[in-house]
Visitor: 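Here it is, the structure, as structure tokens.
What you see below is based on every heavy atom in this structure, not just the backbone, and it leaves out hydrogens, waters and symmetry mates.
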Amino acid sequence: MSGRRAAVAAGVVVVLLVAAAGALALRPPIRASAGDVGVECAASAGLSEPACASWGQTVVAAGPPSRTFEMEDLGRLTLERGWFGLAPSCEARWYTTRYPDEPVATRVVDCPG
């Protein structure tokens with residue numbers, strides 16, 4: 001009987017993990033602004049709107065990884081922490097107003113606090 005309980009407990013844990021991952025994946029991003037640039041922080045980062053804006057300002061101030069576009073063309077910046085918020089690194093994606101759906105640059109950035 002002990003083996004059956006362990007299997008049921010393991011099944012419950014798996015279901016809870018899948019449900020938590022799904023809840024994080026379905027949550028909309030936090031939207032803020034860093035000057036004239038729209039900033040979207042993935043829900044997995046667990047940030048408030050002011051914290052998202054601050055993180056966005058820090059990343060914008062550091063600049064993109066390449067100068068393939070002018071900063072005044074920057075329309076949106078997305079910030080994401082992978083692995084459902086557990087990854088040690090974060091990623092910034094830069095989008096211009098001309099190509100709003102395709103990132104023109106991507107860079108690994110420091111995660112907030």
Visitor: Not counting sequence neighbours, which residues clear side-chain hydrogen bond (donor to acceptor under 3.5 Å, both in side chains) with Gln57? List them please.
Guide: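 For Gln57 there are no side-chain hydrogen bond (donor to acceptor under 3.5 Å, both in side chains) partners, ignoring immediate neighbours.
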Visitor: Please list every donor-acceptor pair under 3.5 Å in which a side-chain atom of residues 102-113 meets a protein atom from a residue at least two apart or in another chain.
Guide:
{"unit_1": "Arg107", "atom_1": "NH1", "unit_2": "Gly63", "atom_2": "O", "d": "2.7"}
{"unit_1": "Arg107", "atom_1": "NH2", "unit_2": "Gly63", "atom_2": "O", "d": "3.3"}

Visitor: Would you say Thr97's side chain and Gly75's backbone share a donor-acceptor pair under 3.5 angstrom?
Guide: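 Here the side-chain-to-backbone pair does not exist.
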Visitor: Measure across Cys90 and Trp55 and return the closest heavy-atom pair with its distance rounded to 0.1 Å.
Guide: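 Smallest interatomic distance, heavy atoms only, reads CB-CZ2, 3.6 Å.
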Visitor: To check you understand the geometry: which heavy-atom pair defines the closest contact between Pro65 and Trp94, and what is its length?
Guide: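 Between these two residues, the closest heavy atoms are CD-NE1, 3.6 Å.
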Visitor: Can you pull the disulfide bond (SG atoms under 2.5 Å apart) pairs that have at least one residue in residues 44-76, sequence neighbours excluded?
Guide: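 Applying disulfide bond (SG atoms under 2.5 Å apart) to every pair that reaches into residues 44-76, excluding sequence neighbours, yields Cys41-Cys52.
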Visitor: Taking only residues two or more places apart in sequence or in another chain, which ones pass salt bridge (charged side-chain N to carboxylate O under 4.0 Å, His left out) with Arg76?
Guide: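 Only Glu40 meet the salt bridge (charged side-chain N to carboxylate O under 4.0 Å, His left out) criterion with Arg76.
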Visitor: Excluding sequence neighbours, so at least two apart, what forms side chain to side chain contact (heavy atoms under 4.5 Å, CB included) with Glu72?
Guide: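 Glu72 satisfies side chain to side chain contact (heavy atoms under 4.5 Å, CB included) with Glu70 once adjacent residues are dropped.
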Visitor: Taking all atoms of both residues into account, what is the closest heavy-atom pair of Gly56 and Leu77, and its distance?
Guide: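 The pair with the smallest heavy-atom distance is O-CD2, 3.9 Å.
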Visitor: With hydrophobic residues grouped by side-chain heavy-atom distances under 4.5 Å, do Ile30 and Tyr95 end up in a single group?
Guide: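 Different clusters: Ile30 never reaches Tyr95 through Ile, Leu, Val, Met, Phe, Trp or Tyr contacts under 4.5 Å.
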Visitor: By side chain to side chain contact (heavy atoms under 4.5 Å, CB included), which residues pair with Ser54, not counting sequence neighbours?
Guide: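 Expected list: none.
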